Amino acid sequence: MIVVAGHIDIDPRNEEAAVSLARTMMAETRKEEGCRVYDITRSLETPGRLHVYEEWESLAALEAHFGT
């Protein structure tokens, strides 16, 4: 299993638009073969920060994701 974790900082004024796009990206990514978990969540402490957490079955599955 491959785990990817990190965060994305955006202008807090654009947070609602980013969250809307993130919902679409999460739904589509979760359909990909080898995707166990793909979550994007808001920080409770830092305005404009989105946390990303991913679990992939294999490096090959993650590399295929990079091509989408």
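Since we're looking at a predicted model, the values are computed, not measured. Just the heavy atoms: all of them, side chains too, but no hydrogens, waters or symmetry mates, feed the values below. In what follows, residues are counted from 1 in the order of the sequence shown.
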Exercise. Please step through side-chain contact (heavy atoms from CB on, under 4.5 Å) for the pair Val3 and Glu54, ending with a clear verdict.
Key: CA-CA 6 Å; Val3 173; Glu54 308 172 31; over 6 Å; no
Quiz item: If you look at every heavy atom in Ala61 and Gly34, which pair is closest and at what distance?
Solution: CB-CA, 3.9 Å
[atom2] on [Y] to [atom1] on [X], rounded to 0.5 Å:
| X | Y | atom1 | atom2 | answer |
| --- | --- | --- | --- | --- |
| Tyr53 | Tyr38 | OH | OH | 13.5 Å |
| Asp39 | Leu50 | CG | CG | 12.5 Å |
| Ile2 | Glu63 | CD1 | CD | 9.0 Å |

Answer with yes or no whether the hydrophobic clustering places [X] together with [Y]; edges join I, L, V, M, F, W, Y residues whose side-chain heavy atoms lie under 4.5 Å apart.
| X | Y | result |
| --- | --- | --- |
| Val37 | Leu59 | no |
| Met26 | Ile8 | yes |
| Phe66 | Ile40 | yes |

Quiz prompt | Arg23 atom CZ: more than 12 heavy-atom contacts under 6.0 Å | solution = no
Practice problem: Inspect the surroundings of CD in Glu33 and state if more than 12 heavy atoms from other residues, nucleotides or ligands are less than 6.0 Å away. | Solution: no
Quiz prompt | Asn14: side-chain hydrogen bond (donor to acceptor under 3.5 Å, both in side chains) partners, not counting sequence neighbours | solution = none
Quiz item: Taking only residues two or more places apart in sequence or in another chain, which ones pass side-chain contact (heavy atoms from CB on, under 4.5 Å) with Arg36?
Solution: Met1, Glu55, Glu57
Self-check item: Any residue meeting side-chain contact (heavy atoms from CB on, under 4.5 Å) with His7, in chain and number order, not counting sequence neighbours
Solution: Asp9, Arg49, His51
Quiz item: Is Arg42 salt-bridged to Glu16, cutoff N-O under 4.0 Å?
Solution: yes
Quiz item: Hey, mind stepping through Ile10 and Glu15 against side-chain contact (heavy atoms from CB on, under 4.5 Å) and telling me if it holds?
Solution: CA-CA 7 Å; Ile10 58 169; Glu15 190 169 340; 4.2 Å; yes
Quiz item: Any donor and acceptor pair, going by atom type alone, linking the side chain of Thr46 with main-chain N or O of Ser43 inside 3.5 Å?
Solution: no
Exercise. May I ask you to test the Val4-Val52 pair for a side-chain heavy-atom distance under 4.5 Å?
Key: no
